[in-house]
Asker: 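I'd like to ask you about the structure that follows.
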Amino acid sequence: MDQEIDIVKSIRQHLEIDSFLTGDFAVRGEGLVVEYMPQVPEQEAVSENLEQVQIKDTQKNSDTHMTKKDAITQLKELSSEIEKCRDCELGSSRVNAVVGEGSVSARIVFVGEAPGANEDKTGKPFVGRSGKLLTKIIEAMNLSREEVYICNTIKCRPPENRDPKPAEKQACRHFLAKQLEIIKPEVIVALGSHAAKSLLEVDKPIGQLRGKFHDFYAQQGAEPIKLMPTYHPSYLLRNYNYNSRKRVWEDMQAVLNELNLPVPTKNPTEK
Ligand code: URA
């Protein structure tokens, strides 16, 4: 009997979460978003799955020392390096290295912690349940996954989804720094405390780090990149309530503001 109740409860929770995921992410009311503005100019999408490289436009990077073509070539080379990497023990337990995917011209890079089972299987970042929620968040910002870049602090799945060990993070750090150096985003969104702490090299709770921009340096002497820490989508899935959702949404609105992108405004039809 108890078992039956547990099954019913878990099916109900599952359905509730799924209905959240199929709804809009943005918190409505209090003057927050709903009216979607035209998309930012289409950019060059580079999936790390090399067959999927699509060239849509040649805007960003053309005025910097690195052309877009160079950036694509460098990301491809980096991908092969990561796929061959055996610098820590995760290199032998993984099915696929999960390099990252999105646009080489992305203005925003989302950085998660580490690939999970679905990501390990497919070689793509954020494709499981937390990935679906991340997609919702990106779409609520009136962007698409193809316009941003999504990756993780480490590129291989830790067995049983355990926390990455300091040595594993250290071994992988240069790959993420190189990705950021090639893409040169204007803003990095660190998803969750692991990503925020390892990028910023600080030991503070995510609740204290989120809500404001920090400076991230891809390498010594490099120009700082603005970094916004926020809650990880898997935390949101476990705590899908108005307050946690509102905090993430406020962080994303600050990111849009920073980039001079339209911040969804009050929906006049909303009560
Ligand atoms: N969680 C992460 O941090 N990264 C992924 O790619 C998937 C889940």
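Whatever order the structure lists them in is the order used to number ligands and atoms, beginning at 1.
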Asker: Residue-level breakdown please: for Glu119 versus ligand 1, do any non-hydrogen atoms fall below 4.0 Å on the side chain, on the backbone, on both, or on neither?
Answerer: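 The side chain, only.
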Asker: Phe126 to ligand 1: N or O pair under 3.5 Å?
Answerer: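 In this structure, Phe126 places an N or O atom under 3.5 Å from an N or O of ligand 1.
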Asker: Give a yes or no on whether the backbone of Leu78 and the side-chain of Gln179 come within a donor-acceptor separation of less than 3.5 Å.
Answerer: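 A pair under 3.5 Å: no.
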Asker: Is a side-chain N or O of His214 found less than 3.5 angstrom from the main chain of Leu209, in a donor-acceptor match?
Answerer: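 Yes: the side chain of His214 pairs with the backbone of Leu209.
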Asker: Could you list the atoms of ligand 1 found under 4.0 angstrom from a heavy atom of Pro125?
Answerer: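 Once the distances to Pro125 are compared, the set is 6 (O).
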Asker: What are the two closest non-hydrogen atoms of Ile188 and Leu199, and how far apart are they?
Answerer: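 Distance-wise, the nearest heavy atoms are CG2-CD1, 4.2 Å.
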Asker: For ligand 1, which atoms, with element, lie under 4.0 Å from some heavy atom of Gly112?
Answerer: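 The atoms of ligand 1 under 4.0 Å from a heavy atom of Gly112 are 3 (O).
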Asker: So, Thr153 versus Lys169: side-chain donor-acceptor pair below 3.5 Å or not?
Answerer: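 Checked: Thr153/Lys169 side chains show no N/O donor-acceptor pair below 3.5 Å.
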Asker: Can you tell which of Gln253, Arg247, Lys246 makes a side chain to side chain donor-acceptor pair (under 3.5 Å) with Glu250?
Answerer: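 Checked Gln253, Arg247, Lys246 against Glu250; only one passes side chain to side chain donor-acceptor pair (under 3.5 Å): Lys246.
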Asker: Identify the protein heavy atom lying closest to atom 2 (C) of ligand 1, giving its residue, its atom name and the separation to 0.1 Å.
Answerer: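 Protein heavy atom with the smallest distance to atom 2 (C) of ligand 1: Ala114 O, 3.1 Å.
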Asker: What is the closest protein heavy atom to atom 4 (N) of ligand 1, and at what distance does it sit?
Answerer: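 Ranked first by proximity to atom 4 (N) of ligand 1 is Asn152 OD1, 2.7 Å.
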Asker: So is there a nitrogen or oxygen of Pro115 less than 3.5 Å from a nitrogen or oxygen in ligand 1?
Answerer: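 Pro115 vs ligand 1: no N/O contact under 3.5 Å.
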Asker: Sequence neighbours excluded, which residues qualify as side-chain hydrogen bond (donor to acceptor under 3.5 Å, both in side chains) partners of Ser244?
Answerer: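 If we apply the side-chain hydrogen bond (donor to acceptor under 3.5 Å, both in side chains) test to Ser244, skipping adjacent residues, the hits are Asn241.
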Asker: Which protein non-hydrogen atom lies closest to atom 8 (C) of ligand 1, naming both residue and atom, and how far is it?
Answerer: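 Sorting protein heavy atoms by distance from atom 8 (C) of ligand 1 puts Ser130 OG, 3.7 Å first.
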Asker: Looking only at side-chain N and O atoms, does Arg157 offer a donor or acceptor that is under 3.5 Å from a partner on Asn161?
Answerer: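 Yes - a donor-acceptor pair under 3.5 Å links their side chains.
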Asker: Taking only non-hydrogen atoms of His194, do any sit less than 4.0 angstrom from ligand 1?
Answerer: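 It does not; every heavy atom stays at 4.0 Å or beyond.
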